[in-house]
Chemist: 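Following this message is one structure expressed as structure tokens.
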Number of protein chains: 2
Amino acid sequence: MVAASRLDDSHDTGGAERVFLALRDRVVSGELKAGDRLPPERELALKFNVSRPILREALRSLAMLGFLEIIQGSGAYVRQPDIALVSDFLTFCMAQQPDVLDDIIQSRIAIECQAIRLACEKASEADLNRIAASLTSLLDTLEDPVLGGQADYEFHSGIVRASHSPALTTLYRALTPLLMQSHVSRRRIVPSGIRNFLVDAHKEVFLSIVDRKPDEAEKRLREHFAIGDEYRRKSLIAEFSKTLPNKQA
Amino acid sequence: MVAASRLDDSHDTGGAERVFLALRDRVVSGELKAGDRLPPERELALKFNVSRPILREALRSLAMLGFLEIIQGSGAYVRQPDIALVSDFLTFCMAQQPDVLDDIIQSRIAIECQAIRLACEKASEADLNRIAASLTSLLDTLEDPVLGGQADYEFHSGIVRASHSPALTTLYRALTPLLMQSHVSRRRIVPSGIRNFLVDAHKEVFLSIVDRKPDEAEKRLREHFAIGDEYRRKSLIAEFSKTLPNKQA
DNA sequence: TTTCTATATTGGTCATACCAATCTTCACCT
DNA sequence: AGGTGAAGATTGGTATGACCAATATAGAAA
């Protein structure tokens, strides 16, 4: 990974990159396991035939990627990188493209619709209780845009979690930062009087999971998303009809 | 990103990390755009009050992450990181967990089922032609496990591409490396005589897109996946019944 | 004006020295 | 004997200066 796609292998790269790739490969190949301690810098520098500053460039890079934890006076320890890094990186990559916020929702729908099917099979009692709890807190925070958005997120992430699929959960977590933005902004422009319908939609989705009916659950979830999308369009139009006359005046 | 989740902000970290975060933030905030050239190392070192080796640790780290391209004699240039890095990283992270290869398929199904719906709306003539082409090459490579697997992948990735959703495409690309493994291994154990059924399934899926029928397309795609899963289970059982007698003998 | 060469700029590397945090060891005291 | 604490060794953190190599720039020559 990391620049590996660019220079694949032994592209007579610089010393630092050579060391970086060598150590990285030892980690991904499992030769170096989490918790292992690397030899001292001075020793490694000799082993790789580079100076200590160069060796340190490689070590620091690995540390920034989460492959190493370097502790002064102690040593450099291998550690398993956290998914959170992927999340941040993905966020940045997607944020570069225009209109991502609209598009990211498609990924969200994709993950949730598959997750809810799995949830119908695998959801445990605890999963259902957690989702139910987020439903009630959804009711309690109808008036608060921030807390309401948070409850909304917990409901949906609860579904994903109930799928017991690490991969789906990982991807969903990766999307979460971008998701939060659209959540908040969407909820801000939804007419307050209509929120009750949204609550009912959540309830129906939840009940479908309880009944263990995958097709029905996905169908209701899609309707829920479609309704949300509908409201968003309407409020956009409403925004326009407010702003346009101002420009004419 | 990158260790940011661990130490969030200004955690009185070392000099290298301080510089790293500062420069990284300038990139993600858009202050530094792709193509921009950074000041010379010696100058930057002064600006950040660090020595050049330390400054270089930060620059090298950014380069390894794909944020910078460093050219000897010229300078360090900002560049937009490639998704491929995320892909590799995700691959590694997920590969650490046991039984991900089975689970990753769930994410694949999730993305494709949403993508095929969008494809029914947005697929262009070119998209359909591309998918059709992969269908014919699927027919031509029925006997070759490797080429056949590749054609299969191109068919499915063609669907995702036809969704015209950058986010879905990005995620799919991120899953691709892991997907290829399961693709190949799956195709290897599918009885050769039954592959024709799989080809027919692909055809039906394709025709549903041509007919612009989202529900039907997703339904057929899910059936296709279910059938593939079925075969996988059967061949696993077949494998067992082959190996078990050997142990007895 | 074009081309080429000398120079300046800039990244790449090295060696060394010193500081700071940690670890290890061992003498010392209870 | 066992705990305790301080001195030394180990190890990462940083700084300085020097030199090489690739590139860019400016000026001279055609």
Side-chain angles (χ1 to χ4, degrees), chain A residues 2-4 6-7 9-24 26-27 32 34-79, chain B residues 2-4 6-7 9-24 26-27 32 34-79:
Chain A
V2 171
R6 185 166 20 109
L7 32 84
D9 56 337
S10 73
H11 214 270
D12 104 288
T13 109
E17 196 146 336
R18 195 184 80 238
V19 177
F20 173 85
L21 292 176
L23 289 178
R24 186 210 57 171
R26 285 195 197 173
V27 175
L32 288 174
D36 288 357
R37 204 193 85 168
L38 260 54
E41 293 183 353
R42 294 160 175 88
E43 194 175 322
L44 272 179
L46 280 179
K47 203 171 294 182
F48 283 108
N49 264 316
V50 293
S51 67
R52 193 151 86 98
I54 297 301
L55 188 272
R56 279 179 59 81
E57 286 182 23
L59 289 188
R60 177 73 62 194
S61 299
L62 288 166
M64 288 302 159
L65 270 166
F67 282 103
L68 287 183
E69 165 139 29
I70 305 179
I71 303 176
Q72 179 175 151
S74 177
Y77 299 86
V78 179
R79 65 175 226 173
Chain B
V2 171
R6 185 163 22 108
L7 31 85
D9 55 341
S10 73
H11 215 273
D12 105 288
T13 111
E17 196 145 335
R18 196 185 76 237
V19 177
F20 173 87
L21 292 176
L23 289 177
R24 186 210 56 170
R26 285 195 197 173
V27 175
L32 288 174
D36 289 357
R37 204 192 84 168
L38 261 55
E41 292 182 352
R42 294 160 174 89
E43 194 175 322
L44 271 179
L46 280 179
K47 204 172 293 181
F48 282 108
N49 264 316
V50 293
S51 65
R52 193 153 86 97
I54 298 301
L55 188 272
R56 278 178 60 81
E57 285 181 23
L59 290 188
R60 176 74 60 194
S61 298
L62 290 166
M64 289 302 161
L65 270 166
F67 283 102
L68 287 182
E69 165 140 30
I70 305 179
I71 303 176
Q72 177 173 158
S74 178
Y77 299 87
V78 179
R79 66 174 223 175

Chemist: Looking at Ala58(A) and Ala16(A), what are the two nearest heavy atoms and their distance?
Modeler: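 Looking at all heavy atoms of both residues, the closest pair is CB-O, 3.5 Å.
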Chemist: Just call it for Ile71(A): base, sugar-phosphate, or nothing, with non-hydrogen atoms closer than 4.0 Å on any strand.
Modeler: sugar-phosphate
Chemist: OP1 or OP2 of dG12(C) sitting under 4.0 Å from any side-chain N/O of Arg56(B)?
Modeler: yes
Chemist: If the cut-off is 4.0 Å, is Arg52(B) near the phosphate of dT13(C), judged by side-chain N/O to OP1 or OP2?
Modeler: no
Chemist: Find the distance Leu55(A):CG to dT11(D):C1' and express it as a whole number of Å.
Modeler: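 Whole-Å distance recorded here is 13 Å.
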Chemist: Answer yes or no: does a side-chain N or O of Ser51(B) lie under 4.0 Å from OP1 or OP2 of dT14(D)?
Modeler: no
Chemist: What integer distance in Å separates Gln72(B):CD from dC20(D):P?
Modeler: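 Going from Gln72(B) (CD) to dC20(D) (P), I get 14 Å.
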Chemist: Taking it one step at a time, do Leu23(B) and Leu59(B) satisfy side-chain contact (heavy atoms from CB on, under 4.5 Å)?
Modeler: CA-CA 9 Å; Leu23(B) 289 177; Leu59(B) 290 188; 3.7 Å; yes
Chemist: Run the numbers on Ile71(A) and Tyr77(A) for side-chain contact (heavy atoms from CB on, under 4.5 Å), then give the verdict.
Modeler: CA-CA 8 Å; Ile71(A) 303 176; Tyr77(A) 299 86; 4.1 Å; yes
Chemist: Figure out the CD/P separation between Glu57(B) and dG11(C), and round it to whole Å.
Modeler: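 After rounding, the gap between these two atoms is 16 Å.
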Chemist: Below the 4.0 Å mark, does dT13(C) have OP1 or OP2 next to a side-chain nitrogen or oxygen of Arg60(B)?
Modeler: yes
Chemist: Going through the checks in order, is the side-chain contact (heavy atoms from CB on, under 4.5 Å) test met by Glu41(A) and Arg56(A)?
Modeler: CA-CA 7 Å; Glu41(A) 293 183 353; Arg56(A) 279 179 59 81; 2.8 Å; yes
Chemist: For Ile54(B) and for Arg37(A), locate the closest nucleotide of DNA chain D by heavy-atom distance; then report the residue assigned to the nucleotide nearer the 5' terminus.
Modeler: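 Whichever sits nearer the 5' end wins; that is Arg37(A).
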Chemist: Glu41(A) has an atom CD; how far is it from atom C1' of dA20(C), in whole Å?
Modeler: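 Taking CD of Glu41(A) and C1' of dA20(C), I get 13 Å after rounding.
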Chemist: What integer distance in Å separates Arg42(A):CZ from dA17(C):P?
Modeler: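 It works out to 12 Å between those atoms.
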Chemist: Rounding to an integer number of Å, can you tell me how far Leu62(B) CG sits from dG11(C) C1'?
Modeler: 16 Å
Chemist: What's the CG-P distance between Leu68(A) and dG13(D), to the nearest Å?
Modeler: 11 Å
Chemist: Whole angstroms only, please: what is the CZ-P distance between Phe48(A) and dG12(C)?
Modeler: 19 Å
Chemist: Please step through side-chain contact (heavy atoms from CB on, under 4.5 Å) for the pair Val19(B) and Leu55(B), ending with a clear verdict.
Modeler: CA-CA 7 Å; Val19(B) 177; Leu55(B) 188 272; 3.6 Å; yes
Chemist: Heavy-atom nearest nucleotide on DNA chain C for Pro39(B) versus Asn49(A): which residue maps closer to 5'?
Modeler: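 Mapping each residue to its closest nucleotide by heavy atoms, the 5'-most match is Pro39(B).
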